[in-house]
Engineer: 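Can you read through this structure? Questions will come right after.
Within every chain, numbering begins at 1; the chains are lettered A, B, ... in the order of the sequence lines, protein sequences first and strands thereafter. What you see is a predicted model; the values in this text were computed from it and never measured.
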Protein chains: 2
Amino acid sequence: MDINDIEHFLRLHSIRPSHHRIRVYQYLVENRNHPSVDIIYQELIRDIPTLSKTTLYNTLELFLEKGVAILITIDENERRYDADTSFHGHFRCNTCGQIFDIRLHTVPRELESMEGFEINESHIYFKGLCPKCLERGNS
Amino acid sequence: MDINDIEHFLRLHSIRPSHHRIRVYQYLVENRNHPSVDIIYQELIRDIPTLSKTTLYNTLELFLEKGVAILITIDENERRYDADTSFHGHFRCNTCGQIFDIRLHTVPRELESMEGFEINESHIYFKGLCPKCLERGNS
DNA sequence: TTATTTAATTGTAACCATTACATACTTGTA
DNA sequence: TACAAGTATGTAATGGTTACAATTAAATAA
Ligand SMILES: [Mn+2]
Ligand SMILES: [Mn+2]
Ligand SMILES: [Zn+2]
Ligand SMILES: [Zn+2]
């Protein structure tokens, strides 16, 4: 995704495209690894030595509000972010910690027991072992 | 659930039934409100003035290991616990913070895209507004 | 029962992700 | 350029969780 496209995209979602915001969003779209704040920080600080973590928290919170990213709470200890806002599930490997996207074919329509609720977010999380860690464990 | 039943139940899951463990498990089965550590603490401290939070953390961690409770991470800030270990979803109201059980009729079998993964846990979370808060907001 | 061993509990301090806030800097606009 | 509004920064505070050494309780053996 080109810088100008990102700038345009952010403007479309009424986010003023400051340099830092552009870089954070760019990181999120180019790295679909569901990074934590610290991971984003460690990556970006190499290019932007003045970057502050508070800026990251502010920026990511803004992204959530404006709906250009979602928050993933599959990890008990830290928040993770995803620029893919389409409905999909996640799998976390308990050994390597990696988080995988899970394409869901059947959207859960459990509305039978949810009459009267207004649903704004849906999350599906799986936890276990990923293929690589499984293989490594069996050897 | 009777104290003796709880004691027996814990023993069955190779958990030594100390006084505190019994009380914590009893609280979980009698209060299906998915409490945080602090909520359990505030309730139990009234009867057990010497109770320590570290004991709660130790006990709850043990319950998770032994499989008599599950951890719910629907809340970004604190962990919540549930003695109902059967597969079911949860809904959190963004206004009042209450967490509701959602009975799921269709167990997600998304295994098509999950060939080679070993799944140990599945969680389904919804967030939005509960009926009461919706009604209050509309008036 | 008592003595002995083992496990559970406690209190304190440390840890670490997140938040609050005041200051400094940038950007857009006139 | 000057001004106002919006952004970013650094530091300190907050709050849930964890580490750990000391104390107490429970289980077992004598
Ligand atoms: Mn994803
Ligand atoms: Mn539940
Ligand atoms: Zn793995
Ligand atoms: Zn509510």
Engineer: Using a strict 4.0 Å threshold on nitrogen-to-oxygen distance, state whether A/Asp84 and A/Arg103 make a salt bridge.
Structural biologist: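 A salt bridge links A/Asp84 with A/Arg103.
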
Engineer: Near DNA chain C, under 4.0 Å by heavy atom, which residues of residues 26-37 of chain B?
Structural biologist: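 DNA chain C contact set from residues 26-37 of chain B: none.
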
Engineer: Suppose we screen for salt bridge (Lys or Arg N to Asp or Glu O under 4.0 Å). Which residues come up paired with A/Glu118, at least two apart in sequence or across chains?
Structural biologist: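 Partners of A/Glu118 under the salt bridge (Lys or Arg N to Asp or Glu O under 4.0 Å) test: none.
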
Engineer: Using whole Å, what does the distance between atom P of nucleotide D/dT14 and atom CD of B/Glu76 come to?
Structural biologist: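 In whole Å, D/dT14 P lies 22 Å from B/Glu76 CD.
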
Engineer: Measure across A/Thr73 and A/Tyr125 and return the closest heavy-atom pair with its distance rounded to 0.1 Å.
Structural biologist: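 The answer is N-OH, 3.0 Å.
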
Engineer: Among residues at least two apart in sequence or on other chains, which ones pass side-chain contact (heavy atoms from CB on, under 4.5 Å) with B/His19?
Structural biologist: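 Partners of B/His19 by the side-chain contact (heavy atoms from CB on, under 4.5 Å) criterion come out as none, since no residue qualifies.
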
Engineer: For DNA chain D, which residues of residues 40-49 of chain A approach it to below 4.0 angstrom with any heavy atom?
Structural biologist: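 Heavy-atom cutoff 4.0 Å gives no residues at all.
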
Engineer: Counting only non-hydrogen atoms, which of residues 54-62 of chain B are less than 4.0 Å from DNA chain D?
Structural biologist: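 Within this stretch, B/Thr54, B/Tyr57 sit under 4.0 Å of the strand.
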
Engineer: Could you tell me how far apart A/Glu78 (CD) and C/dT19 (P) are, to the nearest whole angstrom?
Structural biologist: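 Distance, rounded to whole Å: 13 Å.
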
Engineer: How many whole angstroms separate atom CG of B/Leu64 from atom C1' of D/dT17?
Structural biologist: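 Value for this atom pair: 14 Å.
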
Engineer: For DNA chain D, find the residues of residues 11-24 of chain A with a heavy-atom distance under 4.0 Å and give them by number; none if there aren't any.
Structural biologist: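 The stretch gives A/Arg16, A/Ser18, A/His20, A/Arg21 as the residues lying under 4.0 Å from the strand, ordered by number.
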
Engineer: From CG of A/Asp75 over to C1' of C/dT18, roughly how many Å is that when rounded to an integer?
Structural biologist: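 These atoms are roughly 14 Å apart.
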
Engineer: Run the side-chain contact (heavy atoms from CB on, under 4.5 Å) test against B/Pro131 and tell me which residues pass, sequence neighbours left out.
Structural biologist: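 Applying side-chain contact (heavy atoms from CB on, under 4.5 Å) to B/Pro131 gives A/Phe117.
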
Engineer: For B/Asn58, enumerate each residue passing the side-chain contact (heavy atoms from CB on, under 4.5 Å) test, keeping only those at least two apart in sequence or located in another chain.
Structural biologist: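 Result, side-chain contact (heavy atoms from CB on, under 4.5 Å) vs B/Asn58: B/Thr54.
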
Engineer: State whether B/Arg79 places a side-chain N or O below 4.0 Å from either non-bridging phosphate oxygen (OP1 or OP2) of D/dT18.
Structural biologist: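 Looking at the OP1 and OP2 atoms of D/dT18, one of them is under 4.0 Å from a side-chain N or O of B/Arg79.
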
Engineer: I want to check one thing: is the phosphate of D/dT9, taken as OP1 and OP2, less than 4.0 Å away from some side-chain N or O of A/Thr50?
Structural biologist: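 Yes.
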
Engineer: Applying salt bridge (Lys or Arg N to Asp or Glu O under 4.0 Å) as the test, list every pair that has at least one member in residues 61-73 of chain A; sequence neighbours left out.
Structural biologist: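 Listed by first then second residue: nothing to list.
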
Engineer: When the distance from CD1 of B/Ile39 to C1' of D/dG15 is rounded to whole Å, what number comes out?
Structural biologist: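 These atoms are roughly 15 Å apart.
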
Engineer: A/Asn77 near the nucleic acid: base, sugar-phosphate alone, or nothing, with a heavy-atom cut-off under 4.0 Å?
Structural biologist: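 Result for A/Asn77 = sugar-phosphate.
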
Engineer: Please list, chain by chain and in numerical order, all residues satisfying side-chain contact (heavy atoms from CB on, under 4.5 Å) with A/Arg16, sequence neighbours excluded.
Structural biologist: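 Only A/Arg21 meet the side-chain contact (heavy atoms from CB on, under 4.5 Å) criterion with A/Arg16.
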
Engineer: Can you name the salt bridge (Lys or Arg N to Asp or Glu O under 4.0 Å) partners of A/Lys132, sequence neighbours left out?
Structural biologist: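 Once residues adjacent in sequence are excluded, A/Lys132 has no partner under the salt bridge (Lys or Arg N to Asp or Glu O under 4.0 Å) criterion.
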
Engineer: Is there side-chain contact between B/Leu44 and B/Val24, with at least one heavy-atom pair below 4.5 Å?
Structural biologist: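 Yes, their side chains come closer than 4.5 Å.
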
Engineer: Below 6.0 angstrom between ring centroids: does that apply to A/Phe9 and A/Tyr25?
Structural biologist: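 Ring centroids of A/Phe9 and A/Tyr25 are less than 6.0 Å from each other.
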
Engineer: List in chain and number order the residues that pass salt bridge (Lys or Arg N to Asp or Glu O under 4.0 Å) with A/Arg23, two or more places apart in sequence or in another chain; answer none if no residue qualifies.
Structural biologist: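 Counting only residues at least two positions away or on another chain, A/Arg23 forms a salt bridge (Lys or Arg N to Asp or Glu O under 4.0 Å) with A/Asp47.
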
Engineer: Is there a donor-acceptor pair closer than 3.5 Å between any side-chain N or O of B/Thr59 and the backbone N or O of B/Thr55?
Structural biologist: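 Such a contact is found between B/Thr59 side chain and B/Thr55 backbone.
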
